[in-house]
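Each ligand, and each atom within it, is numbered from 1 in the order the structure gives. Residue numbers run from 1 in the order of the sequence given.
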Amino acid sequence: MDTDIIVLAAGKGTRMYSSLPKVLHPLAGRPLLSHVLDTAASFSPRSLRVVVGYGAEQVRGALTDFAQDLLWLEQREQLGTGHAVLQGAADLPDNGATLILYGDVPLISADTLRSLLEVMTTASVAVLTQHVDEPYGLGRIIRDGDGNVTGIVEEKDATEAQRRIREINTGIICAQNRNLLDWLGRLDNDNAQGEYYLTDIIGMAARDGEVIETGTVQDPLEAQGINNRLQLAAIERSLQRRQAEALALGGVTVLDPARLDIRGHVECGRDVTLDVNIIIEGTVHIGDRCEIGPNVVLKNCRIGEGCVVLANSHVEGADMESDISVGPFARIRPGTELKKGSKIGNFVETKKSIIGAGSKVNHLSYIGDTEMGRDVNVGAGTITCNYDGANKHRTTVGNGVFIGSNTAIVAPVTLHDGVTIAAGSTITADVPQDQLGVARGRQRNIDGWKRPTGK
Ligand code: UD1
Ligand code: CA
């Protein structure tokens with residue numbers, strides 16, 4: 001059966017108190033809306049429609065990179081969910097079925113939706129319902145004595161008796177297109193809120209004698225909508241917890257599943273240990289036997305086998321081979337390539353640089369725009385002066401170079417293989433192979449020197 005999907009995302013999200021449209025608030029590092037759209041796209045629907053209103057341009061702009069074609073439809077005034085779906089149903093073919101989802105209900109699972117779509121082989125409309133302890137504010141599912149659904153009543157329109165019903169409408173509904181188009185055309189706003197209620201189509205279906213099915217969510221988190229930032233924080237914690245548990249069950253030592261945040265995707269090899277307060281962003285690969293210390297941020301990087309990232313390090317856009325140690329307090333910036341067995345120590349920053357196999361930059365250094373060979377030793381306080389205020393210049397360091405502490409290397413410059421640089425040098429010219437480069441004032445000792453005294 002052909003399936004179309006309409007995602008409602010027109011609301012402002014008043015209770016977010018934000019200038020960002022609600023559906024763009026991030027959950028696990030990406031917009032709420034993109035979670036729903038990914039799930040929707042997994043069905044390869046005939047059309048994937050998004051109804052936007054508040055901040056329409058901003059919402060569209062945030063999803064320009066979305067992998068599947070999106071059909072954007074505008075609802076200029078928020079006149080109710082039925083009105084929103086009517087906008088979304090523009091030029092909808094009258095065969096097939098349409099699934100209605102919400103930009104602010106991010107964790108609905110493909111499995112749940114699949115089971116709802118399955119009943120559409122016989123049903124005209126199917127509603128995803130849930131039994132809750134606190135139904136306040138939600139639409140109630142009305143059933144007759146035989147348990148058949150006869151309608152949905154909104155909180156504000158419900159009688160006392162109806163308000164006691166605990167079976168609620170999650171909002172997720174699937175309907176045959178030919179019925180949906182008919183029902184939408186018959187909606188009115190004659191109710192307590194003066195809105196066009198999508199939910200009224202259920203009563204119409206019952207009166208038309210059409211088959212109405214219900215599906216249920218197994219996991220309450222799936223149907224959880226987000227109306228304020230507290231709910232957003234709660235759903236973020238639940239999602240993070242789940243991701244951490246999945247990693248742990250998959251063989252990663254997660255020292256505290258409550259203190260790991262994955263805002264993207266991580267792949268871990270065997271016997272990886274993740275200490276507390278690690279944040280993972282973008283796509284991160286961590287190889288076998290790696291140990292990631294506490295308070296570490298890893299963003300879009302690949303870490304090979306047997307590496308250690310010590311506490312409070314920030315690693316972004318880096319490619320690390322194997323058996324490398326980074327940190328504590330290191331900042332590895334984009335374009336860094338660390339070769340096998342290299343070591344980056346505390347308070348070291350690297351950017352767009354290759355650090356060769358076995359080379360060590362142990363303390364307090366900045367290495368930028370540099371290509372460094374193997375077995376180099378960089379002393380504390382070494383700085384590559386790569387920027388002249390207008391252009392970036394490159395530094396080349398050969399194999400086996402030894403750079404004394406507190407050296408400034410003014411690029412462009414090349415230190416050939418086997419070079420030694422005396423501590424405290426400011427290197428402005430190339431140093432030929434195996435030579436010593438010294439570039440500092442010569443020491444004088446003054447005999448008989450008297451310290452100034454007061455008065
Ligand atoms: C709706 C349902 C209710 C259900 C509840 C679940 C209706 C009439 N009621 O109520 O039965 O229990 O969801 O959360 O459908 N939206 C638009 N345009 C509009 C109105 C809404 O895009 O004109 C979007 C909102 O941005 C939101 C979603 O639709 O994402 C739901 O709208 P909302 O006003 O929150 O509906 P509820 O009153 O909560
Ligand atoms: Ca709502």
Original post:
Can you list the ligand 1 atoms lying under 4.0 Å from a non-hydrogen atom of Glu154?
Top reply: 2 (C), 3 (C), 7 (C), 8 (C), 9 (N), 10 (O), 11 (O)
Original post:
For atom CG of Asp188, is the number of surrounding heavy atoms from other residues, nucleotides or ligands below 6.0 Å larger than 12?
Top reply: yes
Subject >> Distance filter under 4.0 Å to Leu79 heavy atoms, resulting ligand 1 atoms >> reply: 23 (O)
Original post:
What are the atoms of ligand 1, with element, lying closer than 4.0 Å to any heavy atom of Tyr197?
Top reply: 8 (C)
**OP:** Any atoms of ligand 1 less than 4.0 Å from a non-hydrogen atom of Gly139? List them with their elements.
**Re:** 3 (C), 4 (C), 11 (O), 12 (O)
Subject >> Pair Thr129-Thr214, side-chain hydrogen bond (donor to acceptor under 3.5 Å, both in side chains): steps then yes or no >> reply: CA-CA 7 Å; Thr129 77; Thr214 54; 4.9 Å; no
Original post:
Is any side-chain N of the basic residue among Asp369 and Lys392 closer than 4.0 Å to the acidic one's carboxylate O?
Top reply: no
Original post:
Do other residues, nucleotides or ligands put more than 12 heavy atoms under 6.0 Å from Arg270 CZ?
Top reply: no
**OP:** Determine whether more than 12 heavy atoms belonging to other residues, nucleotides or ligands lie under 6.0 Å from atom CZ of Arg374.
**Re:** no
Subject >> Asn169 N/O under 3.5 Å from ligand 1 N/O >> reply: yes
Subject >> Close-contact set for ligand 1 against Thr170 heavy atoms, below 4.0 Å >> reply: 6 (C)
**OP:** Provide the number and element of each atom of ligand 1 under 4.0 Å from a heavy atom of Thr81.
**Re:** 7 (C), 8 (C), 15 (O), 20 (C), 21 (C), 29 (O), 31 (C), 32 (O)
Original post:
What atoms in ligand 1 come closer than 4.0 Å to a heavy atom of Gln78?
Top reply: 18 (N), 19 (C), 23 (O)
Original post:
Do the charged groups of Arg140 and Glu155 touch, with an N to O distance under 4.0 Å?
Top reply: yes
Original post:
Mind checking what makes side-chain hydrogen bond (donor to acceptor under 3.5 Å, both in side chains) contact with Glu195, not counting sequence neighbours?
Top reply: none
**OP:** With sequence neighbours excluded, tell me which residues meet ring-ring contact (aromatic ring centres under 6.0 Å, His included) with Phe329.
**Re:** Phe347
**OP:** State, yes or no, whether a side-chain contact exists between Ile6 and Asp4 at a heavy-atom distance under 4.5 Å.
**Re:** no
Original post:
What do you reckon, does Gln75 put a non-hydrogen atom under 4.0 Å from ligand 1?
Top reply: yes
**OP:** Could you tell me whether ligand 1 has any atom less than 4.0 Å away from a heavy atom of Ile168?
**Re:** no
Original post:
Heavy-atom distance to atom 20 (C) of ligand 1: which of Gly11, Gly171, Gly80 wins?
Top reply: Gly80
Original post:
Measuring from the heavy atoms of Val51, does anything fall under 4.0 Å of ligand 1?
Top reply: no
Original post:
Short list, please: which atoms of ligand 1 are under 4.0 Å from a heavy atom of Ala84?
Top reply: 17 (C), 18 (N), 22 (O)
Original post:
Got an N/O contact under 3.5 Å between Tyr102 and ligand 1?
Top reply: no
